[in-house]
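For reference, the structure is listed below as structure tokens.
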Amino acid sequence: MGTIFDRVSPVYDRGMQPLEWLIFRRLRERVFSSLNGDVLELGVGTGVNLPLYGPTARVTGCDISTEMLNWAARRATRAAVRLVQADAQDLPFDDDSFDVVAGSLVFCSVTDPLQGLAEARRVLRSHPRGQLVLLEHVRGDGLGALLTEVLHPFWHAWSQDCHLNRDTVKSVARAGFRVGRLERHALGVVQVIRATV
Ligand SMILES: C[S@@+](CC[C@H](N)C(=O)[O-])C[C@H]1O[C@@H](n2cnc3c(N)ncnc32)[C@H](O)[C@@H]1O
């Protein structure tokens, strides 16, 4: 049957262009170019972040959608990259396998974010402390929260998988991570979350 992302994969990058130009591009460039070592990128999608990694990153990109992964496989990248079809809620990797677990715009659509975050924690190394780095759209604060709550039912009915009103940083803390620096952008609706095991 496939996921909604299997079906949207041919138009995903084009559909994202306005938002990339408005906000995501510059955040992606800063966040993903700084990651090193053994990196697991969850929900790698069409691989938009793959060209941003430097040559010292060894990246495992996983996604539940085979069609999104087919697009990711076409990306040019300076890093060593392998792509794996996998559910973030049930990762096919050993405990203590990665220095960094990263993702962008992914915990909005993982069905059970706490289970996905528990898996991220399991596969991260504890010495030195593994890092979780997420660029996410979330519920936001104040006016941002009001807007996302109002829009969420319509957006969710159309998109099927994506939630506009998740409080991902709260889930990160609930999953047992130590939350570090939190960046809030666009009324807090876009956040860069950094945490350690
Ligand atoms: C909104 S797209 C983001 C793609 C890419 N990370 C980006 O920033 O453009 C969400 C991605 O997460 C993937 N995804 C959703 N649920 C997942 C899960 N449980 N496990 C792995 N990937 C998942 C989807 O297939 C899709 O490629």
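Given the structure is predicted, the values throughout are model-derived calculations rather than measurements. Indexing begins at 1, ligand by ligand and atom by atom, following the structure's order.
- The aromatic rings of His156 and His152 lie parallel to each other, with less than 30° between the two planes, well short of the 60° mark.
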Does ligand 1 have any N/O pairs with the protein under 3.5 Å, and how far apart?
residue	atom	partner	partner atom	Å
ligand 1	6 (N)	Gly43	O	2.7
ligand 1	6 (N)	Ser104	O	2.8
ligand 1	6 (N)	Ser104	OG	3.3
ligand 1	8 (O)	Arg28	NH1	2.8
ligand 1	8 (O)	Arg28	NH2	3.1
ligand 1	8 (O)	Ser104	O	3.2
ligand 1	8 (O)	Ser104	OG	2.5
ligand 1	9 (O)	Tyr12	OH	2.8
ligand 1	9 (O)	Arg28	NH2	3.3
ligand 1	19 (N)	Asp87	OD1	2.9
ligand 1	20 (N)	Ala88	N	2.8
ligand 1	22 (N)	Ile64	N	3.2
ligand 1	25 (O)	Asp63	OD1	2.6
ligand 1	27 (O)	Asp63	OD1	3.3
ligand 1	27 (O)	Asp63	OD2	2.6

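- Through direct or indirect side-chain contacts shorter than 4.5 Å among Ile, Leu, Val, Met, Phe, Trp and Tyr, Phe177 is connected to Leu40, Leu42, Val84, Leu91, Phe93, Phe98, Val101, Val106, Phe107, Val110, Leu117, Val123, Leu124, Leu132, Leu134, Val169, Val172, Val179, Leu182, Ile193, Val197.
- Cluster partners of Phe154 are absent, since no Ile, Leu, Val, Met, Phe, Trp or Tyr has side-chain heavy atoms less than 4.5 Å from it.
- Counting heavy atoms from C-beta outward, Ser126 and Asp96 have side chains that approach closer than 4.5 Å.
- Apart from Trp71 itself, the hydrophobic cluster it occupies contains nothing, where clustering links Ile, Leu, Val, Met, Phe, Trp and Tyr at side-chain heavy-atom distances under 4.5 Å.
- Once rounded to the nearest 0.5 Å, the distance linking SG of Cys108 with NE2 of His137 reads 3.5 Å.
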